[in-house]
Amino acid sequence: MTGRTVTRAQLAEAIYQEVGLSRSESAELVDRILEEMSRSLVEEGIVKISSFGTFVVREKGRRVGRNPKTGEEVPIEPRRVLVFRPSQGLRERLDGERQ
Amino acid sequence: MTRSELVRRLAKAHPHLLQREIERIVATVFDTIATALVRGDRVELRGFGAFSVRERAARIGRNPRTGEEVQVPPKRVPHFKTGKELRERLNRGRG
């Protein structure tokens, strides 16, 4: 493990290197891809990227939570959460690299 | 939305790019994320979310059919945590 963090900037740099678009258009495309995915999740609730994984929105019902510090009960309102399910291929790639 | 729909939507917004260039761009983005995770790096996409790698310890599992004990080796699994902005957008108009 190297403990590095990859950000939007590195994704844009990869497009610049691989596809040869300008740096500014590469950055714009990264933003556009993430925005299209976000919008689709909000509106349609699912994004399937073959050979990477699937993002699915799930509805969580109301439940009673507890403040871990005070032990006090607090209601947790119903909410929508996003779940990422990695594809079989991505799982295998990660697991294959185990040291 | 699927990968090919994503390509179609990007093509509409960037009409001067060829379809195959957009396919390469999309492939580059997801390959870069996947490769970073394989290296053990974290991928933090502000406003969208963060991918990281979690270690699952080895454990003793059980074959549900035979009840037999089996060794399950340690595993590395990708994990995604939704970003603050996207989490708020998903829950806008609630509560």
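The model shown is predicted, which means the values in this text are computed figures rather than measured ones.
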Check whether any side-chain heavy atom of [X] sits under 4.5 Å from a side-chain heavy atom of [Y], and report yes or no.
| X | Y | value |
| --- | --- | --- |
| A:E25 | B:H16 | yes |
| A:S38 | B:E85 | no |
| A:L11 | B:I33 | yes |
| A:L29 | B:E21 | no |
| B:L17 | A:V19 | no |

Heavy-atom pairs under 4.5 Å with chain A: which of [options] has the most?
| options | answer |
| --- | --- |
| B:L6, B:L45, B:T32 | B:L45 |
| B:V26, B:V43, B:V77 | B:V43 |
| B:P78, B:G47, B:G49 | B:P78 |
| B:A13, B:A36, B:S4, B:A27 | B:A13 |

* **Best-contacting candidate, A:R39, A:E43, A:M37, against chain B by heavy atom pairs under 4.5 angstrom** =>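 Sorted descending by pairs with chain B, the first entry is A:M37.
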
* Pick from A:E28, A:Q17, A:Q10, A:E18 with the largest number of heavy-atom pairs that fall under 4.5 Å of chain B ->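 Between A:E28, A:Q17, A:Q10, A:E18, the count favours A:E18.
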
* Find the distance between CD (B:E5) and CD1 (A:I49) and round it off to the nearest 0.5 Å. =>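 Atom-to-atom, B:E5:CD and A:I49:CD1 are 10.0 Å apart.
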
* Asked: Roughly how far, to the nearest 0.5 Å, is the CG atom of A:L41 from the CE atom of B:M1?
  ->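 These two atoms lie 7.5 Å from each other.
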
Against chain A, label [X] side chain, backbone, both or neither, depending on which of its atoms sit under 4.5 Å from a heavy atom there.
| X | value |
| --- | --- |
| B:L10 | side chain |
| B:T35 | both |
| B:T2 | both |
| B:I22 | neither |
| B:L37 | both |
| B:I25 | both |

If you look only at distance, which donor and acceptor atoms sit under 3.5 Å apart when one is on a side chain in residues 64-71 of chain B and the other is two or more places apart or in another chain?
from, atom 1, to, atom 2, distance (Å)
B:T66, OG1, B:E68, N, 3.2
B:E69, OE2, B:R62, NH2, 3.4

Check whether [X] gets within reach of chain B through its side chain, its backbone, both or neither, counting any heavy atom under 4.5 Å.
| X | answer |
| --- | --- |
| A:R85 | neither |
| A:E44 | side chain |
| A:V47 | both |
| A:L90 | side chain |

* **Charged N-O contact under 4.0 Å between A:D95 and B:K75** => no

* Asked: Hey, is A:E35 close enough to B:R89 for a salt bridge, meaning N to O under 4.0 Å?
  ->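 Here A:E35 pairs with B:R89 in a salt bridge, since their nearest N and O are under 4.0 Å apart.
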
* To do: Look at the rings of B:F51 and A:F52 and say which category their plane angle falls in: under 30° parallel, 30 to 60° tilted, over 60° perpendicular.
  =>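 Ring orientation of B:F51 relative to A:F52: perpendicular.
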
* Closest non-hydrogen atom pair between B:A34 and A:R93, with its separation -> CB-NH1, 3.6 Å

